[in-house]
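Please read the structure below before turning to the comments.
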Protein chains: 2
Amino acid sequence: MKEKKSYSLSLANKKDFNNINEWVYQTLRTSIMCGEIRPGVALTIRGLAEKLDVSSMPVREALRRLASESAVDITDSRRVIVPLISPDKFKELYSLRILLETHAAELALPYISEKQVEHLIMLDKEVDASYSDGDIVSGSLANQAFHRYIYKQNPVQVCMPMIESLWLQLGPFARVALSKIEKYYEYDRHQEALEAIQQRDSFALRRAIEADIRDGLSVFKNIDEIYHDLKSSE
Amino acid sequence: MKEKKSYSLSLANKKDFNNINEWVYQTLRTSIMCGEIRPGVALTIRGLAEKLDVSSMPVREALRRLASESAVDITDSRRVIVPLISPDKFKELYSLRILLETHAAELALPYISEKQVEHLIMLDKEVDASYSDGDIVSGSLANQAFHRYIYKQNPVQVCMPMIESLWLQLGPFARVALSKIEKYYEYDRHQEALEAIQQRDSFALRRAIEADIRDGLSVFKNIDEIYHDLKSSE
DNA sequence: GTCAAGAATATGTGATCACAAAAATATTGG
DNA sequence: CCAATATTTTTGTGATCACATATTCTTGAC
């Protein structure tokens, strides 16, 4: 403990966003998602503002927005931290992923065209490429892109913000957990999903999505000890 | 069209909240939930700030928070409006209510004690009282309180923010739709839910919750025409 | 050495201001 | 009288400031 805040806040994109606001939000969001900010350490508005070279205003708004997405906690004393989620909560987040994502996939299915299937195949290749490079972070981001692209085809968008919130809450913990794993077994559930889409088989699509999510979960055999380690180290 | 903004912004509670921030948020939230703000009209930060007698700062943050809960839309030109949801979206919101609330109820069941069942019975009486008084707004708020009390017993809280978001999105439209209805058929699904809880029958509880939500939906036979009316009047 | 109390510092909150962009209003040309 | 342009007003955004509170550091007593 008592180490310098050393997360890099990967500002890949310049400040040519519409709002600085939005840029700060996206920067912090991906930073949390990729586990660059350790759970438990306090985030200060002024500190982040200085690091990002903006005033405190955009940081305040970004942090509040992240708080209402459950990506960060605001404690009683108004300190902002990335929460360390309990194993129970971790499992519940996965349950909700299955519940919402199978639902979203089924509703999106009628809207997925042949052209879009091709794009999905490309996205899937990026997932495989990242994982075979051993780049877990890009891998899970690419995996999210694959899932997001499916669900987004539904013109009625209600689930997506909720699913994004689930991903965001899982992000930091998943990152820590995955970093302690030697082998990452990759079953190709995406292939099953693509076949289900091409055959317009909504039930098969649900099964493929569920299996894909469960495969992801099955990697975390050690969440309990990891939780214990993280909790005691803070 | 072109009428004065005449919603009352029911400030039942004084500014003895922790933050003015929070007070503004709650005030705007209930105002939207109860349909006091007409869908489509632009909300201005300065206008709300003046009406609530605070600076623009808390209003800005409250509006952004509401935006990330999908309670308001921020248009491309950065104007904030309460969205008018389409009939398709309305139905999807109800689907998600069923999906998430049956799930939440099932998970909460093991944690509901006898004492808490008594409290639920009291909450149910308040629902009945409001509806028999013909007070639809208090009725649906009381109904929410009943459901919320059940789901909140689960110590692992992940669904609740999502469910609250669904209620919030349905609020303004439901209010308009209900105001055009003469008779409101009230089946007592709450009674069924209470019995299921007492018998620890999770499947029966799921059915009761689902039936309760479906009953609520069945009232809106006329959503399509109401949507059309609202859309053309703006 | 340990712990508690007080001083010093850091931090979140709310207010105000300047500026650019968007709406609304006024003006001009047909 | 109407449409297109110009002007004025309104509005959101980002920055800065003052203040109250939380946190941290220091000091002193046991």
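Chain letters run A, B, ... following the sequence lines, proteins first and then strands; every chain starts at 1. Because the structure is predicted, anything quoted here is derived from the model rather than measured. Hydrogens, waters and symmetry mates are skipped; everything else that's a heavy atom, side chains included, is used.
Partners of A:Tyr111 according to the ring pair (Phe, Tyr, Trp, His ring centres under 6.0 Å) rule, which considers only residues two or more places apart in sequence or in another chain, do not exist here. For B:Phe90, the ring pair (Phe, Tyr, Trp, His ring centres under 6.0 Å) partners are B:Tyr94, B:Phe173, B:Phe220, not counting sequence neighbours. Every residue two or more places apart in sequence or in another chain was checked for a salt bridge (charged side-chain N to carboxylate O under 4.0 Å, His left out) with A:Arg79, and none qualifies. Judged as a ring pair (Phe, Tyr, Trp, His ring centres under 6.0 Å), and not counting sequence neighbours, the contacts of A:His147 are A:Tyr151, A:His190.
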Restricting both atoms to N or O, compile the protein contacts to nucleotides 15-18 of chain D shorter than 3.5 Å, with distance only.
| from | atom 1 | to | atom 2 | distance (Å) |
| --- | --- | --- | --- | --- |
| D:dA15 | OP2 | A:Ser55 | N | 2.8 |
| D:dA15 | OP2 | A:Ser55 | OG | 2.5 |
| D:dA15 | O5' | A:Ser55 | OG | 3.4 |

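Positionally, the nearest nucleotide of DNA chain D for B:Ile74 lies more toward the 5' end than for the other of A:Ser77 and B:Ile74.
Between B:Glu22 atom CD and C:dG12 atom P there is a gap of 17 Å when expressed in whole angstrom units. Rounded to whole Å, atom C1' of C:dA10 lies 15 Å from atom CZ of A:Arg78.
Contacts classified as salt bridge (charged side-chain N to carboxylate O under 4.0 Å, His left out) and involving residues 82-107 of chain B (residues at least two apart or in different chains) are given here: B:Arg97-B:Glu101, B:Glu106-B:Arg206. The stretch residues 57-71 of chain A participates, sequence neighbours left out, in these salt bridge (charged side-chain N to carboxylate O under 4.0 Å, His left out) pairs: A:Glu22-A:Arg65, A:Arg60-B:Glu61, A:Glu61-B:Arg60, A:Glu61-B:Arg64, A:Arg64-B:Glu61. The salt bridge (charged side-chain N to carboxylate O under 4.0 Å, His left out) contacts involving residues 136-164 of chain A comprise A:Arg29-A:Glu164, A:Arg148-A:Glu164, where partners must be two or more places apart or lie in separate chains.
No hydrogens or angles considered: a donor-acceptor pair under 3.5 Å links the side chains of A:Ser68 and B:Ser68.
Contacts between residues 63-71 of chain A and DNA chain C, defined by a heavy-atom separation below 4.0 Å, involve A:Arg64, listed by number.
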